[in-house]
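Keep in mind that the numbers below use all heavy atoms, side chains included, and drop hydrogens, waters and symmetry copies. Letters go in sequence order (proteins before strands), and every chain restarts at 1. Because the structure is predicted, anything quoted here is derived from the model rather than measured.
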There are 2 protein chains.
Amino acid sequence: MSQPQIDSSNGDRRSQILEAALVCFAKRGFHQTSMHDISGEAGISVGLIYRYFENKEAVISAMADRHKKEITEMLERARQAPSLLESLEILFTAHCCEDAPQFVSAFVVDLYAEASRNPHVADLTRDVLETAMAGVRNLIARAPEAQNAAHGLTPDDLAELIFAVARGMLMLDVLRPQEMTAAERRTRQLEVTRRLWRLLFKPEGELAYA
Amino acid sequence: MSQPQIDSSNGDRRSQILEAALVCFAKRGFHQTSMHDISGEAGISVGLIYRYFENKEAVISAMADRHKKEITEMLERARQAPSLLESLEILFTAHCCEDAPQFVSAFVVDLYAEASRNPHVADLTRDVLETAMAGVRNLIARAPEAQNAAHGLTPDDLAELIFAVARGMLMLDVLRPQEMTAAERRTRQLEVTRRLWRLLFKPEGELAYA
DNA sequence: TGACAATGAATGAACGTTCATTCATCTTCC
DNA sequence: GGAAGATGAATGAACGTTCATTCATTGTCA
């Protein structure tokens, strides 16, 4: 019932714990990570976690929250890009590759798995997705590049496609920790995705030369 | 060490257990599903599971195996379709929508989450993916439709894109159990995806009229 | 300034519970 | 009778969570 107070110094502890939790969750998953794992990774005692989070579920929720904030910030940055393709590029690179790619990919896949059965996490995650997709929908609707390039696809369809590709590549990512380095994968994925975007937003009926 | 024998009658029990496990895993996830849950769902005793599976991990592995067999069969069916687009359609609908869509989506996302930290499951899942992607790559490489429609994308790139979209939509699926029915979602996704395929395999430089 | 009181962040052993796994026992069917 | 199928109570390890306790820091008063 009683929320732990959140003032200046507490903020640091909270993010210290969340940082440790991200590492553990990515390595072992939500339900295989024990509170002792987190406290160990953070270099603090178990009990202290309960001063900052009501329980384990609250830690998971807070991580989903953090993920939302990160995505929202990215969207803001993307909105300021001069062209649609540049906006998308910002979103895509940030989306799956910033910070520690392995960790983030594994964490996001786990987040969706958790969302599929935890209504609270589902709400948070859906919220992130809706916000981000609405943002992209807007970018598309306002972009001159997209005006003459419907291909029978609405901005809504396009946004869904773009997100599906991004999430799908992230999903495929978790299976390939060894074949290539993260940087190589990122480069290749960006290249492929860029071509898709160009194709999607190429004025309908325009001649294309490789 | 000692594999439980697998003969005629045992096969039925095994699939009975796997069927129950799929339901439980989709509902609660691998690690929140107890062996008692599975035995309850299957209508048998806990101990009996251990006559057919060495341990819980073996049940998870067997499910990944089953998933592989299903995908391989689908690929075989898709190979016999008369055109590339029809092949892809068979793969796509089977891929995420056959049987009980909700269950399968949640299970597959969980499978990938598990793969990200369980090397054995990762190997199995990667194997499925490689097989399926190689199949699609072949379909594309042999298809006359794809010959004149490179857009700077190799068959490899195209296969990766097609898979990313399919997996991505599956991932988005787990967040939307309420907005629409499974059938509505399937229809809409298929429509959007179909347009993407047409766009990808439309001869380069050809005029397109909605 | 120095002695003392109060605070609350931090600790980690302990608790109750859950879970995977085992095995003594019972049933079935030839 | 006995081999194989099936049961579920028992086991012990691991887990999330609690809480009595410690102790560095801060506030108070002479």
Side-chain angles (χ1 to χ4, degrees), chain A residues 1-64 110 114 117-118 120-121, chain B residues 1-64 110 114 117-118 120-121:
Chain A
M1 220 21 72
S2 62
Q3 271 308 79
Q5 64 269 42
I6 304 164
D7 59 30
S8 55
S9 68
N10 281 5
D12 289 337
R13 267 276 183 256
R14 271 182 72 94
S15 29
Q16 180 194 358
I17 293 168
L18 288 179
E19 208 61 53
L22 176 63
V23 174
C24 294
F25 287 163
K27 264 197 283 208
R28 285 170 222 120
F30 291 141
H31 300 290
Q32 282 175 290
T33 295
S34 72
M35 295 301 258
H36 283 88
D37 289 335
I38 299 175
S39 75
E41 179 71 34
I44 57 171
S45 67
V46 212
L48 190 55
I49 297 176
Y50 288 88
R51 180 169 288 274
Y52 297 92
F53 297 93
E54 202 181 337
N55 51 31
K56 194 180 178 183
E57 254 238 24
V59 179
I60 298 175
S61 291
M63 300 248 359
D110 226 52
E114 181 65 16
R117 66 188 78 97
N118 180 333
H120 187 207
V121 173
Chain B
M1 218 24 68
S2 62
Q3 272 305 78
Q5 66 268 41
I6 303 164
D7 60 31
S8 55
S9 68
N10 282 6
D12 289 338
R13 266 275 185 255
R14 270 181 73 94
S15 30
Q16 179 194 358
I17 292 168
L18 288 180
E19 208 60 54
L22 176 64
V23 174
C24 294
F25 287 164
K27 263 198 283 210
R28 284 171 222 119
F30 292 141
H31 300 289
Q32 282 176 289
T33 294
S34 72
M35 295 302 258
H36 279 89
D37 289 336
I38 299 175
S39 75
E41 179 71 34
I44 58 173
S45 66
V46 213
L48 191 54
I49 298 177
Y50 287 88
R51 180 170 287 276
Y52 296 92
F53 297 94
E54 203 182 337
N55 51 32
K56 194 180 176 183
E57 255 239 22
V59 178
I60 297 175
S61 291
M63 301 248 0
D110 226 51
E114 181 65 16
R117 65 188 78 98
N118 181 333
H120 187 208
V121 173

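Using a 4.0 Å cutoff on non-hydrogen atoms, no part of residues 31-40 of chain B comes near DNA chain D.
Among C:dA20, C:dA9, D:dT17, the nucleotide with an atom closest to any side-chain atom of A:Leu48 is C:dA9. If you check C:dA9, D:dA6, D:dT18 against the side chain of A:Arg51, the one that comes closest is C:dA9.
Across the protein-nucleic acid pair, A:Arg13 atom CZ and C:dT11 atom C1' stand 12 Å apart, rounded to whole Å. Regarding B:Tyr50, its OH atom lies at a distance of 13 Å from the C1' atom of C:dC23, rounded to whole Å. For A:Tyr52 and C:dT11, the OH to C1' distance is 13 Å, given to the nearest whole Å. Note: CG (A:Asn55) to P (C:dG16) measures 20 Å, nearest angstrom. Regarding B:Ile17, its CD1 atom lies at a distance of 12 Å from the C1' atom of D:dG5, rounded to whole Å. Straight-line distance from the CD1 atom of B:Ile49 to the P atom of D:dG8: 13 Å, rounded to whole Å.
The side chain to side chain donor-acceptor pair (under 3.5 Å) test applied to B:Ser61 returns B:His120, not counting sequence neighbours.
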Taking distance alone, no hydrogens or angles, what donor-acceptor pairs closer than 3.5 Å link side-chain atoms of residues 19-32 of chain A to residues at least two apart or in another chain?
residue, atom, partner, partner atom, Å
A:Glu19, OE1, A:Arg66, NH1, 3.1
A:Arg28, NH1, A:Asp37, OD2, 3.4
A:His31, NE2, A:Glu114, OE1, 2.7
A:His31, NE2, B:Gln32, OE1, 3.1
A:Gln32, OE1, B:His31, NE2, 3.1

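Looking only at side-chain heavy atoms (C-beta outward), B:Leu18 and B:Tyr52 stay at 4.5 Å or farther from each other.
Counting all heavy atoms, side chain and backbone alike, A:Ala62 lies closest to A:Phe53 at CB-CE2, 3.7 Å. The two atoms that bring A:Gln16 and A:Ala42 nearest to each other are NE2-O, 2.9 Å, heavy atoms only. In terms of heavy-atom proximity, A:Met35 sits nearest to A:Val59 at CE-CG2, 4.5 Å.
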Dump every N/O contact between nucleotides 21-26 of chain D and the protein below 3.5 Å, one line per pair.
none

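A:Thr33 contributes atom OG1, which lies 10.0 Å from atom CD of A:Glu41 (distance to the nearest 0.5 angstrom). Here CD1 of B:Ile49 is found 5.0 Å from CD1 of B:Ile44. Values are rounded to the nearest 0.5 Å.
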